[in-house]
Amino acid sequence: MSVKRSTAIIRVLTKDLGVKPSQLIAAGRSEFIPLVDNNSADNRSKNRRTRIVVLPKIDEFYDMIERMKKKQ
């Protein structure tokens, strides 16, 4: 599931925001690095997360977010 979430975000960034696919990497860690134990529904929801790391042209990222807001 973690890779599916990651690739879904990649699709949004490439299709909706025009980011070059060669600049993106989708990755998943599955059960290997949980934030908390997966022993309850609440904890499992905490472990379902997506982290986006943007390097190094942060100004271009903010421009993309603004374009996305205008489309909505």
Discussion item. The criterion is side-chain hydrogen bond (donor to acceptor under 3.5 Å, both in side chains); which residues satisfy it with Asp63, sequence neighbours excluded?
Written reply: none

Worksheet item: Are the side chain of Ser6 and the backbone N or O of Gly28 linked by a donor-acceptor pair below 3.5 Å?
Response: no

Would you give me the side-chain donor-acceptor pairs under 3.5 Å for residues 11-26, sequence neighbours excluded?
from  : atom 1 : to    : atom 2 : distance (Å)
Thr14 : OG1    : Ile10 : O      : 3.0
Thr14 : OG1    : Arg11 : O      : 3.2

Worksheet item: Does any N or O in the side chain of Asn47 come within less than 3.5 Å of the main-chain N or O of Leu35, such that one atom is a donor and the other an acceptor?
Response: yes

Fill in: Non-neighbouring partners of Lys69 that pass side-chain contact (heavy atoms from CB on, under 4.5 Å), sequence neighbours left out
Ile65, Glu66

Discussion item. Strictly by salt bridge (Lys or Arg N to Asp or Glu O under 4.0 Å), give each pair with a member in residues 32-44 just once, sequence neighbours left out.
Written reply: Asp42-Lys46

